[in-house]
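Accompanying notes for the structure given below.
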Amino acid sequence: MANFAKPDVPRFSVDVYQNEYLPEGGREVNAIVTVTATGGGTIGKGPGAAAAGRRPSAAVAVMVDCSGSMDYPPTKMRHARDATAAAVDTLRDGTHFAVIGGTHVATEVYPGGGRLAVAGPATREEAKRALRRLGAGGGTAIGTWLRLADRLLASADVTLRHGVLLTDGRNEHESPDDLRAALDACAGRFTCDARGVGTDWEVKEVTAIASALLGTADIVADPAGLAADFTRMMETAMGKEVADVALRVWTPVGTAIRFVKQVAPAVEDLTGRRTEAGPRAGDYPTGSWGDESRDYHLCVEVPPAGLGREMLAARVSLVVPGPDGTAQNLGAQGLVRAVWTDDMTASTAISPQVAHYTGQAELAQVIKQGLDLRKVGDFDGATAKLGRAVQLASASGNADTAKLLAKVVDVVDAATGTVRLKTRVAEADEMTLETRSTKTVRVKK
């Protein structure tokens, strides 16, 4: 394990958990890589916190759905205005920010003129006055909201760029290809948390936005909970201190990366996001970091070797863009090894960390499969998949997911995964389970 430290930014460390022993001819190496950032700046968040020198500069764009459906019931729009005001109040002094109203077009609500405001007592009050004029009417074209947010955020010379997106409906006024093109254009330029309010929005759309832009996705079924959720989101955003961190994986000649997945705090497959970084090395984006820890599952295929041989299967490090555009190594490094042995006990043992997160990834997968089968009327298939999900949640101690599953199925025996589908399920409960299906619990130490 190695680490990197600089005044007022987190110190990064890398730990590798694996069973490095393979049987003769064995080729697959699995490891859990834990990345931890600790000891960043300690100044306060929110109004009055110092802006210069201690925390990195930041820009935030809040995108608020103002489509016609936000008026049903009328309290939904009021709660959205209140939540956006709470987010503005949580901004650190000196943060650049803008508020965007989203319908079938994107409108600058505050400050306007293609620019960003700088958070302070006066601009916060101006923004909240502008929010009072927000009304509902029009359609939904989320790609236009994201593209405007990108243009505004890019106008500021800052270290961190972040978006918050709220929607209550489906993206009906642009094609899926338009939204995908917007996400592709914005990926790597800013991170974005996405929230669906009520139950008339599409889970796969909201989670796809958060996934593409390396943010979080969640449901706020009751609009009255928006202000608290927006406050928590903005506090987290204000705690980020390093942007555009990438996991760099180097492998020797003859090896191949099977996959790289984030497995905690949520499952996110990064395999297809690799960018080449020199001979036999590739970078996998992880977004912005504050004081936090995340786990990644790395699977490498190595060339077969004889008994007693050993090799370095992969070297994992962390990099960020340097001032000149080249990658700057953060100094934290972890090594993944392969050792061939005829000791069957050693070579057949599964690392507890690898076993745990393999189960957590399967849990996320079978929940989604089960809910999809339930929607198309394949109740036997849905019962089997959701029963397996109950079994995995119970075995891993994922109590939050177990509680969500219990609102969709009646659990007869959690240990064996014996369940019955409930005949009536609240739409909010089903959407909550689907939205949060990728959230994981850390491995028990």
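Computed from a prediction, not measured in an experiment: that's the story for all the values here. For reference, positions follow the sequence shown, starting with 1.
The backbone N or O of Val260 lies less than 3.5 Å from a partner atom in the side chain of Thr271, making a donor-acceptor pair. A donor-acceptor pair under 3.5 Å is formed between the side chain of Asp65 and the backbone N or O of Asp168. Side chain of Arg436 to backbone of Asp218: no donor-acceptor contact under 3.5 angstrom is found. No donor-acceptor pair under 3.5 Å is formed between the side chain of Glu205 and the backbone N or O of Val203. Here the side chain of Ser317 pairs no donor or acceptor atom with the backbone of Ala332 at under 3.5 angstrom. Using modelled atom types, no side-chain atom of Arg189 and backbone atom of Leu213 make a donor-acceptor pair closer than 3.5 Å. Of the possible donor and acceptor atoms, one in the side chain of Thr440 sits under 3.5 Å from a partner among the backbone N and O of Pro265.
Note that the CZ atom of Arg420 and the CG atom of Leu386 stand 14.5 Å from one another [nearest 0.5 Å]. Note that CG of Leu298 is 11.0 Å distant from CG of Leu270, once rounded to the nearest 0.5 Å.
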Audit row: Val197, Leu226, side-chain contact (heavy atoms from CB on, under 4.5 Å) steps and yes/no: CA-CA 8 Å; Val197 59; Leu226 279 174; 3.9 Å; yes
side-chain contact (heavy atoms from CB on, under 4.5 Å) assessment of Leu179 paired with Leu146: CA-CA 9 Å; Leu179 177 57; Leu146 292 166; 4.1 Å; yes
Residues Ser155, Leu116; criterion side-chain contact (heavy atoms from CB on, under 4.5 Å); working and verdict: CA-CA 8 Å; Ser155 70; Leu116 298 169; 3.9 Å; yes
Candidate pair Thr84 and Val99, rule side-chain contact (heavy atoms from CB on, under 4.5 Å), full reasoning: CA-CA 8 Å; Thr84 307; Val99 178; 4.1 Å; yes
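His104 and His173 have tilted rings, their planes meeting at an angle from 30° to 60° on a 0 to 90° scale.
Using a 4.0 Å cut-off between charged nitrogen and carboxylate oxygen, Glu430 and Arg374 count as a salt-bridge pair. With salt bridges taken as basic N to acidic carboxylate O contacts below 4.0 Å, one links Glu292 and Arg294. A salt bridge does not link Glu235 to Arg232: none of the charged side-chain nitrogens sits closer than 4.0 Å to a carboxylate oxygen.
Exactly one residue among Tyr17, Phe259, Tyr284 makes a ring-ring contact (aromatic ring centres under 6.0 Å, His included) with His297. That residue is Phe259. Tyr357 pairs in a side chain to side chain contact (heavy atoms under 4.5 Å, CB included) with only one of the listed residues (Val263, Val267, Val441), which is Val263.
Because its NZ or CZ atom is not both nearer than 6.0 Å to the ring centre of Trp201 and within 45° of the ring axis, Arg195 does not count as a cation-pi partner of that residue.
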